[in-house]
Novice: 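Dropping the structure in here first, questions after.
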Amino acid sequence: MKTTEKQHDTEDAVRPEEAAAIPTPQVPATADENTAPPAPSPITDADGAFSPEWYTRFEELQPYAATLAKFRRPEALAKSYANLERLRGYPATTDSPRMEAFRHAVGLPATAQEFTLTRPDNTPDEIWDDALAASLAQVAYEHGVPAPAMAALCEHYTQEGRLALQAAQLARQEAVEHAETELREDWGSSYEANMNSIGNVLRTLGSRAGVDVAQLMDNPALRADADFARLMLAAASLVEEAPMHRGAPIDSRDEAHRIAHDPAHPLHEAYMRTSHPRHKYANEMYDRLAFGR
């Protein structure tokens with residue numbers, strides 16, 4: 001059977017449910033005043049002053065927000081920048097105004113009294129000097145050296161000083177051991193007797209000179225030299241052969257009296273002042289002379 005034209009048109013027609021499934025073409029929206037992004041607020045007000053928190057519009061300025069908030073007008077910010085430009089380059093120590101401005105700009109201590117060097121922990125007395133540290137701090141202040149940098153240099157210096165001191169102590173100990181070995185080989189069984197003779201002559205000389213020879217005899221610089229020991233042994237031999245005299249023989253009690261009462265005596269101050277580093281020696285010398293003990 002033939003299909004009529006009316007039937008053909010009916011078959012080609014779109015059913016309502018099919019039409020609902022067909023997507024509607026999207027027409028680009030036309031931008032107008034209501035949909036456009038708002039214009040940025042001005043950086044300055046009508047009177048030329050900065051708008052509140054104007055710097056928050058710039059991400060790169062966020063780290064400096066606290067500083068920028070201090071400026072109320074562009075002129076003040078421009079003057080600050082001009083001053084900063086003038087500070088570019090290291091100021092001469094003779095240019096006091098510029099150095100003072102430099103200290104203020106970079107946050108350095110305003111006075112020398114505020115600039116101090118702290119002694120690093122575990123620093124030996126041999127490599128630390130308070131007077132030298134104070135002098136270096138003064139120089140650092142005058143030249144505008146940042147305190148953290150100076151502290152770092154101080155720490156590095158003391159660390160190097162510790163290493164140098166350790167090396168020196170080791171070398172000195174090795175020298176002492178070498179000198180002792182050399183003398184023992186040279187003197188053989190007479191080593192102890194010879195060393196006693198050296199000690200005796202040093203004590204004799206110390207008594208006459210008012211010198212505490214105990215520290216001298218323990219001085220590594222002397223004990224590390226075998227030739228010095230040989231010289232002192234020769235001196236001991238001379239003393240034994242011809243005892244030393246200085247005018248009339250010394251009256252022990254008179255010498256003790258001078259120690260206790262004569263300010264000109266080398267041991268008087270040490271004997272009278274208990275805090276004196278040689279007080280013990282002076283006291284023992286007085287007892288030996290006055291009481292024979």
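From a predicted model like this one, the values you see are computed outputs, not experimental measurements.
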Novice: Once side chain to side chain donor-acceptor pair (under 3.5 Å) is applied, do any residues pair with Asp227, and if so which ones, sequence neighbours excluded?
Specialist: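 With sequence neighbours excluded, Asp227 shows a side chain to side chain donor-acceptor pair (under 3.5 Å) to Arg230, given in chain and number order.
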Novice: Only counting residues at least two apart or in another chain, list the ones meeting ring-ring contact (aromatic ring centres under 6.0 Å, His included) with His104.
Specialist: none
Novice: Among all residues two or more places apart in sequence or in another chain, which pass the salt bridge (Lys or Arg N to Asp or Glu O under 4.0 Å) test with Arg103?
Specialist: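 For Arg103, no residue satisfies salt bridge (Lys or Arg N to Asp or Glu O under 4.0 Å) once neighbours in sequence are set aside.
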Novice: Does atom NE2 of His257 have more than 12 heavy-atom neighbours from other groups under 6.0 Å away?
Specialist: no
Novice: Please answer whether the main-chain N or O of Asp47 pairs with a side-chain N or O of Asp45 as donor and acceptor at a distance below 3.5 Å.
Specialist: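 Checking the backbone N and O of Asp47 against the side chain of Asp45, no donor-acceptor pair under 3.5 Å is found.
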Novice: Do you know which two heavy atoms are closest between Thr116 and Ala137, and how far apart they sit?
Specialist: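 Closest pair (atom of Thr116, atom of Ala137, distance): CA-CB, 4.3 Å.
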Novice: Following the transitive rule for hydrophobic clusters with a side-chain heavy-atom cut-off under 4.5 Å over Ile, Leu, Val, Met, Phe, Trp and Tyr, establish whether Leu163 and Ile127 coincide in one cluster.
Specialist: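 They do not share one cluster, since no chain of ILVMFWY contacts under 4.5 Å joins Leu163 to Ile127.
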Novice: Whether the Gln169 and Arg172 side chains hold a donor-acceptor pair (N or O, under 3.5 Å, no angle test) is what I'd like checked.
Specialist: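 Distance-only check fails for Gln169 and Arg172.
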Novice: Starting at CD of Glu185, measure out to CD of Glu180 and round the result to the nearest 0.5 Å.
Specialist: 11.0 Å
Novice: Drop me the distance from Thr123's OG1 to Trp128's CH2, to the nearest 0.5 angstrom.
Specialist: 6.5 Å
Novice: Are Leu233 and Tyr191 connected in a single hydrophobic cluster, I mean Ile/Leu/Val/Met/Phe/Trp/Tyr linked by side-chain heavy atoms less than 4.5 Å apart?
Specialist: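 Yes; tracing contacts between hydrophobic side chains, which count when under 4.5 Å, links both residues.
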Novice: About how many Å separate CG of Asn196 and OG of Ser190, when rounded to the nearest 0.5 Å?
Specialist: 11.5 Å
Novice: Would you please name every residue forming a salt bridge (Lys or Arg N to Asp or Glu O under 4.0 Å) with Asp262, sequence neighbours left out?
Specialist: Arg258
Novice: Hey, is the main chain of Pro42 close enough, under 3.5 Å, to the side chain of Ser51 for a donor-acceptor pair?
Specialist: yes
Novice: Report yes if some heavy atom in the side chain of Ser207 is under 4.5 Å from a heavy atom in the side chain of Glu255; otherwise report no.
Specialist: no
Novice: For Ala110, does its backbone N or O pair with a side-chain atom of Tyr141 as donor and acceptor, under 3.5 Å?
Specialist: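 Yes; at least one donor-acceptor contact below 3.5 Å.
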Novice: Identify the two heavy atoms, one from Pro146 and one from Leu108, that lie closest to each other, and give their separation to 0.1 Å.
Specialist: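 Scanning both residues completely, I find the closest heavy atoms to be CA-CD2, 3.4 Å.
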Novice: I need the Leu289 CG to Glu284 CD distance, nearest 0.5 Å.
Specialist: 12.0 Å
Novice: When clusters are formed from ILVMFWY side-chain contacts under 4.5 Å, directly or step by step, what else is grouped with Tyr55?
Specialist: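 ILVMFWY cluster around Tyr55 also holds Ile43, Phe50, Trp54, Phe58, Leu61, Tyr64, Leu68, Phe71, Leu77.
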Novice: For Gln159 and Glu155, test the side chains for any donor-to-acceptor distance below 3.5 angstrom and give the result as yes or no.
Specialist: no
Novice: Within a 6.0 Å radius of atom CD on Gln62, are there more than 12 heavy atoms belonging to other residues, nucleotides or ligands?
Specialist: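 More than 12 within 6.0 Å, yes.
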Novice: For residues Met232 and Leu205, report the shortest heavy-atom separation together with the two atoms involved.
Specialist: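 Shortest heavy-atom separation between Met232 and Leu205 comes out as CE-CD1, 4.4 Å.
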Novice: What residues form a salt bridge (Lys or Arg N to Asp or Glu O under 4.0 Å) with Arg203, not counting sequence neighbours?
Specialist: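 Testing Arg203 for salt bridge (Lys or Arg N to Asp or Glu O under 4.0 Å), a comparison that skips the adjacent residues, returns none.
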Novice: Side-chain heavy atoms under 4.5 angstrom apart, residues restricted to Ile, Leu, Val, Met, Phe, Trp, Tyr: same cluster for Leu117 and Leu132?
Specialist: yes
Novice: Considering non-hydrogen atoms only, spot the tightest contact between Thr118 and Cys154 and give its length.
Specialist: O-SG, 4.2 Å
Novice: Which pairs count as salt bridge (Lys or Arg N to Asp or Glu O under 4.0 Å) when at least one residue sits in residues 123-149, sequence neighbours excluded?
Specialist: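 Every pair satisfying salt bridge (Lys or Arg N to Asp or Glu O under 4.0 Å) with a residue in residues 123-149: Arg119-Asp125.
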Novice: Please list, chain by chain and in numerical order, all residues satisfying side chain to side chain donor-acceptor pair (under 3.5 Å) with Thr111, sequence neighbours excluded.
Specialist: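 Partners of Thr111 under the side chain to side chain donor-acceptor pair (under 3.5 Å) test: Glu114.
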Novice: If the condition is salt bridge (Lys or Arg N to Asp or Glu O under 4.0 Å), which residues does Glu100 pass it with, not counting sequence neighbours?
Specialist: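 Scan of Glu100 (salt bridge (Lys or Arg N to Asp or Glu O under 4.0 Å), adjacent residues dropped) gives none.
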Novice: Between atom NE2 of His279 and atom OG1 of Thr274, what is the distance when rounded to the nearest 0.5 Å?
Specialist: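 If we round to the nearest 0.5 Å, His279:NE2 and Thr274:OG1 are 6.0 Å apart.
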Novice: On a heavy-atom basis, which atom in Leu267 and which in Gly210 lie closest, and how many Å separate them?
Specialist: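 Shortest heavy-atom contact: CD2-O, 3.7 Å.
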Novice: Can you name the closest pair of heavy atoms from Ala260 and His268 and give their distance?
Specialist: O-CE1, 3.2 Å
Novice: Answer with yes or no whether the hydrophobic clustering places Val213 together with Ile198; edges join I, L, V, M, F, W, Y residues whose side-chain heavy atoms lie under 4.5 Å apart.
Specialist: yes
Novice: Is it true that Val176 and Trp187 fall in one hydrophobic cluster, defined by side-chain heavy atoms closer than 4.5 Å?
Specialist: no
Novice: Could you tell me if the side chain of Leu170 sits less than 4.5 Å from the side chain of Gln166, heavy atoms only?
Specialist: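 The answer is no; the side chains never approach within 4.5 Å.
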Novice: Taking transitive links into account, so neighbours of neighbours count too, which hydrophobic residues share a cluster with Val211 at under 4.5 Å side-chain distance?
Specialist: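 Traced through the cluster, Val211 reaches no other member.
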Novice: Is there a donor-acceptor pair under 3.5 Å between the side chain of Ser135 and the backbone N or O of Ala131?
Specialist: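 Checked: no pair found.
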Novice: Less than 4.5 Å apart, any side-chain heavy atom of Met150 and any of Phe115?
Specialist: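 Side chain of Met150 against side chain of Phe115, heavy atoms only: contact under 4.5 Å found.
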Novice: Taking side chain to side chain donor-acceptor pair (under 3.5 Å) as the test, write out the residues that go with Glu192, two or more places apart.
Specialist: Arg184
Novice: So, using side chain to side chain donor-acceptor pair (under 3.5 Å) as the criterion, who are the partners of Glu160 when residues are at least two apart?
Specialist: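 Partners of Glu160 under the side chain to side chain donor-acceptor pair (under 3.5 Å) test: none.
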